[in-house]
Amino acid sequence: MDHGALVLLIAALAVFVGSLVQGGVGFGLGLVAAPVVTIMAPEVVPGALHVVNLTLALFTVALEWRKVDWRGVGWGVVGRFPGSAVGAIVVGYLSASTLGLAVGAMVLIAVLLTWRAAEVPRNAGTVVTAGLVSGVAGTATGIGGPPMALVFQSARGPQIRATLAMFFALGAAQSLFFLWWAGELTWHSLRFGALLVPCMVAGFLASGPLRRFLDRGRVRAGVLVLAAVSALALIVQSLF
């Protein structure tokens with residue numbers, strides 16, 4: 001097996017696991033796949049990840065679209081739009097490791113502060129802010145789920161998954177546009193992302209049992225744990 005095929009195989013396995021996790025919790029593809037793909041094929045990041053993110057989000061929306069919180073999605077996109085533009089500029093002019101450390105630290109602090117809280121305030125201000133941070137981090141690093149997930153952590157499983165999926169679909173499309181606009185999107189990254197889509201579909205289809213397990217009152221704990229792990233992964237990825 002040549003080096004290119006091995007890189008693709010390892011990236012595909014990471015996407016499968018990430019899609020399995022996101023299919024159950026509502027986010028997590030970036031957590032699992034972004035560090036692996038960044039190490040194995042940094043030249044395709046973040047474009048390839050956004051191709052997979054967009055496709056996975058559409059699959060989730062198709063399954064649970066009736067549960068989407070459209071008001072929350074609207075406010076999130078209001079924040080995500082300028083955040084995506086900033087993230088695209090950051091890719092070209094600012095160290096991604098510096099941004100990763102800052103976002104990872106912010107998310108980790110937010111998890112620690114809300115761990116014992118009964119409910120995180122969910123209003124226009126908090127959702128717009130989460131969308132902004134998600135746009136910057138997601139566009140620049142491929143890991144943008146935790147900020148929005150923390151705001152929606154008190155919702156039921158289907159609503160979290162459906163709302164985040166719609167937000168991710170619109171956000172990934174925005175990110176791809178702004179990366180193209182900034183000259184940071186290549187055909188190679190788009191092709192690489194397209195090759196990962198079949199493994200994404202397989203992971204999503206395998207996530208049914210995880211969804212049923214988490215929907216028995218375990219979603220909030222899953223969101224907080226995954227957000228914390230995501231933040232730590234982003235910090236480690238940025239450091240090394």
**Request:** Check the pair V7, F192 against side-chain contact (heavy atoms from CB on, under 4.5 Å), reporting the backbone distance first and the verdict last.
**Result:** CA-CA 10 Å; V7 168; F192 197 93; 4.2 Å; yes
**Message:** Using side-chain contact (heavy atoms from CB on, under 4.5 Å), reason through V15 and L29 one step at a time and then give a plain yes or no.
**Reply:** CA-CA 7 Å; V15 165; L29 174 61; 4.3 Å; yes
**Request:** Test side-chain contact (heavy atoms from CB on, under 4.5 Å) on L8 and L196 and set out the steps.
**Result:** CA-CA 8 Å; L8 182 61; L196 296 175; 3.9 Å; yes
**Message:** Could you walk me through whether V44 and L190 satisfy the side-chain contact (heavy atoms from CB on, under 4.5 Å) test, starting with their C-alpha distance in whole Å, then the side-chain angles of each, then the deciding distance to 0.1 Å, before giving a yes or no?
**Reply:** CA-CA 8 Å; V44 305; L190 292 175; over 6 Å; no
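Of all the heavy atoms in T163 and D69, the pair that sits closest is OG1-N, 2.9 Å. Closest approach of R80 to S175, counting heavy atoms only: NH2-OG, 2.6 Å. For S134 against F167, the heavy-atom pair with the smallest separation is OG-CE2, 3.5 Å. Of all non-hydrogen atoms in A169 and L58, the two that sit nearest each other are CB-CD2, 4.1 Å. Summarising the geometry of V151 relative to P121, their closest heavy-atom pair is CG1-O, 4.3 Å, with the distance given to 0.1 Å. Minimum interatomic distance between A33 and L49 (heavy atoms only, all atoms of both residues): CB-CD2, 4.1 Å.
Listed for the R218 side chain is a donor-acceptor partner under 3.5 Å among the backbone atoms of F213. Between the side chain of S207 and the backbone N or O of F204 there is at least one donor-acceptor pair closer than 3.5 Å. At distances below 3.5 Å, not a single donor-acceptor pair connects side-chain atoms of S189 with backbone N or O atoms of L185. No side-chain donor-acceptor contact under 3.5 Å links Q174 to the backbone of G171. No side-chain donor-acceptor contact under 3.5 Å links R156 to the backbone of D215.
With hydrophobic clusters built from ILVMFWY side chains whose heavy atoms lie under 4.5 angstrom apart, L20 does not share a cluster with V225. Residues L132 and W75 are members of separate hydrophobic clusters, defined by side-chain heavy-atom contacts under 4.5 angstrom among Ile, Leu, Val, Met, Phe, Trp and Tyr.
To the nearest 0.5 Å, the span separating OG1 on T129 from CE on M148 amounts to 11.0 Å. Here L9 contributes atom CG and L195 contributes atom CG; the two are 12.5 Å apart, rounded to the nearest 0.5 Å. Between the CG atom in L179 and the CD1 atom in I89 there is a gap of 11.0 Å [rounded to 0.5 Å]. Going from atom NZ of K67 over to atom CD of Q159 covers 8.5 Å, rounded to the nearest 0.5 Å. We find the CZ-CZ distance between F168 and R161 to be 13.0 Å, quoted to the nearest 0.5 Å. Here the CD1 atom belonging to I160 is positioned 10.5 Å from the CD atom belonging to E64, to the nearest 0.5 angstrom.
Ring-plane geometry between F177 and W180 is classed as tilted, the angle between the planes lying from 30 to 60 degrees on a 0 to 90 degree scale.
Between F27 and V223, the closest side-chain pair of non-hydrogen atoms falls below 4.5 Å. Side-chain contact check for S19 versus F59: every heavy-atom pair is 4.5 Å or farther apart. Residues L164 and V73 are not in side-chain contact: their nearest non-hydrogen atoms beyond the backbone lie 4.5 Å or more apart. Looking at heavy atoms from C-beta onward, L56 lies in side-chain contact with Q22 at the 4.5 angstrom threshold. The closest side-chain heavy-atom distance from R211 to P158 is not below 4.5 Å. Inter-residue side-chain proximity for M166 and T60 is flagged as unmet; no heavy-atom pair is nearer than 4.5 Å.
Partner M200 forms a side-chain contact (heavy atoms from CB on, under 4.5 Å) with one of L205, V52, V51, N53 and no other, that one being V52.
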